[in-house]
Amino acid sequence: MKEFVANHKLFSLYTMFVLSVIFVALAAPWLAPMDPYAGDMRNVFLPPSSEHWLGTDKLGRDMFSRLIYGTSTSLFMTICLVFLTAGLGAAVGIASGYFGGRVEMVLMRFADMMLSFPGVVLAIAIAGIMGGSIINTILALVAVSWAKYARLVRSLVIKLRSNDFIVAARVNGTKTFTILWRHIMPNVLPMVVITGAMDIGTMMMEIAGLSFLGFGAQPPTPEWGLMLNEGRQYIQTAPLMMVYPGVAIFIVVSIFNLWGDALRDVLDPRQT
Amino acid sequence: MRFFRVKKLFKAMAVGVCGILAAGIIAGCGSDSSSEGVNNGVLKVGVTNFADTLEPTQNFFGWVVMRYGLGECLTKFDAKMNIQPWLAESWSISDDHLTWTFKIREGVKFSNGNPLTAEGVKASIERAFAKNNRAATFFEYESITAEGQNLIIRTKKPLPNMPGYLADPLFIIVDTKAEAEGRDFSKEGPICTGPYMVKSFVKEKSVMERNPNYWDGEVPFETVEIPSIDDPNTRAMSLQSGEVDVAVNIAAGDIDLFKNNDRFDLDEISSLRVVVARINQKGLLGDAKVRAAFIQGCDRETYNNVLLKGTFLPGSAPIPPSLDYGFDQLKDPNSYNPDNAKKLLDEAGWKDTDGDGIRDKDGRPLRVEFIVYNGRAELPLYAEAVQADMKKIGIDVVIKNVDYNLLDQIGIKGEYDLLISNITTANTGDPEIFLNWYWRTNVNGDNPQNGSGYSNPELDAVFARLATEFDKEQRRQLIIQAQQIIMNDGAALFLGYPVTNIISSKALKGVHMFPSDYYWITHEIAPAK
Amino acid sequence: MLVTVIGVSFLTFCLTYLAPGDPALMLLEAGDTIVSQETIEKTRKEMGLDKPFLVQYGNWVAGAVQGDMGMSYSAKKPVTEKLAEGFAGTLLLAGVTVVLILLISIPLGIFSAVHQNKLADYLVRIFSFIGVSMPSFWIGLILLYIFGLKLGLFPIASASVTAKGIVLPAVTLAIYQSAKYTRQVRTVILEELHQDYVTGARARGLSEGTILWKHVLPNAVLPLITLLGMSVGWLLGGVAVIEMVFSWPGIGNMAVRAITMRDYPLIEGFVLWISIVYMLINFAVDISYSYLDPKLRKGVRA
């Protein structure tokens, strides 16, 4: 452990950052000084004070508490999104890479189609038509992002398939599921994890973007994109309202971007 | 060799860049903004436009036609909501109260030069009836005839407010001859008699030009550009930066920026409007106790005085205090009282059994859907404030944002629990229609606007009397009575009454906001010097 | 490529087909306009809504091929006309942005690669890192606040296409994109700099400048074009949000409105349009390949 930290100083540092973000997200109910939904409507747009560290918003809700809760919302949505995307992508990739044939052809055609199209456009259309909600946003983004993982995993699996140990396992009559689980998965996982980790920042911004457009989280959810949209309406009279959520997004996305790059360097030192 | 290719590539790129820039400059020319435009014959007005076309009979689009200074009616309202002559010079009613005679003004021409005749007015009014069933909710006629410059309307029932009805933008007088000759009003804009006429129109921006045939004096501007800047804050910013010279309905948050300012004039008046949330009686809010609790839970004083900084007056009754219909003598049985609201919900059997903060009954949470639209900045704010207050008493309010165009249908079909709108209460100078539309019993669709399922025979009786009453004081009493019934039933949530505003650069004069909200761009708006 | 266009349009068509609302009614109804049952039935027939799903899709595609994408519900105008209205704005914005991206990223990327691990490189990398970690719409808002509102240099809402109005949206888009692209340029150049032929050239005593201009850059052009093509794809998506922030009259702004208004034909038209544009870009990238790459052109290694 000590040796690992010493060898990967940067990675360890960034991991600490990531863990703090996760801590903030999980401990939001204890960290936030106030209820992010309840406000005193008589006290709107208060300037920062000892009681309200970042002041209050348009309904008199404590801005700091809302930002803290926003960490949970954003992180929860992003993690769901990354897991679903990577999971679906990996499943499709393994299926088409391992079994080949017609399954592969159909799935890969589909993946190519999704890849060769600006995903954000489609995500906006899907989320918009289905109606704005947290779940629909995640589904819309999964629908447009899985293909990258499918392609990646497939190419890895095709390489592995002809490897000696897999051929041997097959000849020995090992069950397909066991081969996939015991031999393919462990070899595929690191790449999927790296790609997923590097995507966290981007995905977080895409979620915020959809919410900003009004197709994601709905009021009164404390979500950064939505809060930015609300802040935008008071750009003249209370410009800080749109600064805070932006800074929050920037900090967290930076942390995940740094961590993703560092993780790649640790797991896959070749690709620098 | 390769280097050569790269050079070629850069060359190609350079050509592309030049092309793009040139296109930009060409496109940019002529529409580049300048705040001195008002002295060069160009007026720019920032509005929020809900109309997709300028066909006056479609939806409520006639309002836009009138606001933009394109269309005019036979009559209009002055600053005190008195009815004044416009395209009609004068009018009279027969002794049996069934025949109205309107004398059409001589010498008025449509923007295409065709003269305005009583015959043409007849065709235009008949067209409105044929195209929009809202027309029949104002009045039903037995016959319309033209005799010389006189237009004679015979009705089946006595209609005390006929001149007021004809001031509604639905009855904008259009040149039906032009339509017969092939002009498509919804594509090319209508032919009317106003000071300006359409040059080009898309929802995002309309450009108008001087009507050379205008009948009522000189038209000050050669061109009027009206960008639709839906976001009120952007509208305020555009006004500050000089991109527009006039802006309508600046939001509460920004209004202080224009008060006591040496660059802008602010004209604000208490309007005839009310922000109301219609309440559907077919859902969970059909229970009178839940409904009463809902209304009592809303702290309307704070919404209007604090959140909206006094740009709205706190609501309680259907008709705003700016109209003399007994606002002060009406009793609000559901004034703000969150403790009583909780008690009422308890009594109605809604209790929070699962501890999630939302009351439930028979495993069903107390959840209602609140439909709002974004066209007016205050509406989402009201909705969110209501949502926050309701959470305090254990009601889960889900806010659903829809486009304005869908609102009308949602209202008619009753697909809501609560439906917010900002409605004018007296678009004919008299609140009868407003009350009638939303709260008279809807029998098989004969009163389509009442999609809420609300029905009270007592109120229907008041409406029946109102329909034939000519005496002004009697009418007033009946309308007060109707309001009290609606309030006692908790038939709707009256959130507030807007103070409307129009803000203009000091380079202009003659910019006024009228209580009726129909007249924004008039021929009286002119350069100050 | 064509498969993509068909597939994506099919997906969108499915989505709008399943979405609630009767298209005939939505086209006809506007507020209180009187619509008789016969008219509705007639319109349904005219629109082919009584036919099975696949036939409807076929008809739509057949129409689209001939440039007829149906009528926009909200504007009561042909979709093609609406798209054309907004297209010029978007194209101009995207074009100016691409130029800005190239002007910023290529010099910065090359500079950074040549001075690898020196101060300049770190500064460029910090710029590009900050750029990719900020949401573009937030950058837009901040620029709007500073340059539009506080300094009053640029218009705040450009309901029409103006030379001044394009600056802020284009810069906003360019910041995010060029941050990304600078990184990619740097990587590509670095990769080339580590190739054997560079070492060889150095051994032959060629100056660094000559190596860079005559050998490294020409080799780097192809991957850079590919990456730029991908950037433009992102641009087409990202442009919608930025157009909204700046009230820029483009198709992205229009699409966002179309979605809130449930104007399905317009949404379908928009998605199809974007996929066609994207296909054309890819096509252009492919063509530039065969034109620029001597390997492909002559079949020999130069």
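Lettering follows sequence order; numbering is per chain, from 1.
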| query | Any side-chain heavy-atom pair from B:L381 and A:K58 closer than 4.5 angstrom? | reply | yes
| field | Student check: side-chain heavy atoms of A:M41 and B:D389 closer than 4.5 Å | value | yes
What closest approach, in Å, do [X] and [Y] show between heavy atoms, and which atom pair accounts for it?
X      : Y      : value
A:D35  : B:K391 : OD2-NZ, 4.3 Å
B:E384 : A:P219 : CD-CB, 3.6 Å
B:K392 : A:G39  : NZ-O, 3.7 Å

| So does A:R109 have more than 12 non-hydrogen atoms from other groups sitting under 6.0 Å from CZ? | no
| query | Is atom NZ of B:K506 surrounded by more than 12 heavy atoms (other residues, nucleotides or ligands) closer than 6.0 Å? | reply | yes
| Among B:D256, B:L257, B:V397, B:N305, which has the most heavy-atom pairs under 4.5 Å with chain A? | B:L257
| request: Look up atom CG in B:D254 and atom CD1 in A:I235, then write down how far apart they are to the nearest 0.5 Å. | output: 10.0 Å
| With a 4.5 angstrom heavy-atom cut-off, which part of B:Q240 approaches chain A: side chain, backbone, both or neither? | side chain
| task | Please state whether the side chain, the backbone, both or neither of B:A251 comes within less than 4.5 Å of a heavy atom of chain A. | result | neither
| field | Pair B:D299 + A:R42, salt bridge at N-O below 4.0 Å | value | yes
| field | A:L59, part contacting chain B, at a heavy-atom distance under 4.5 Å | value | both
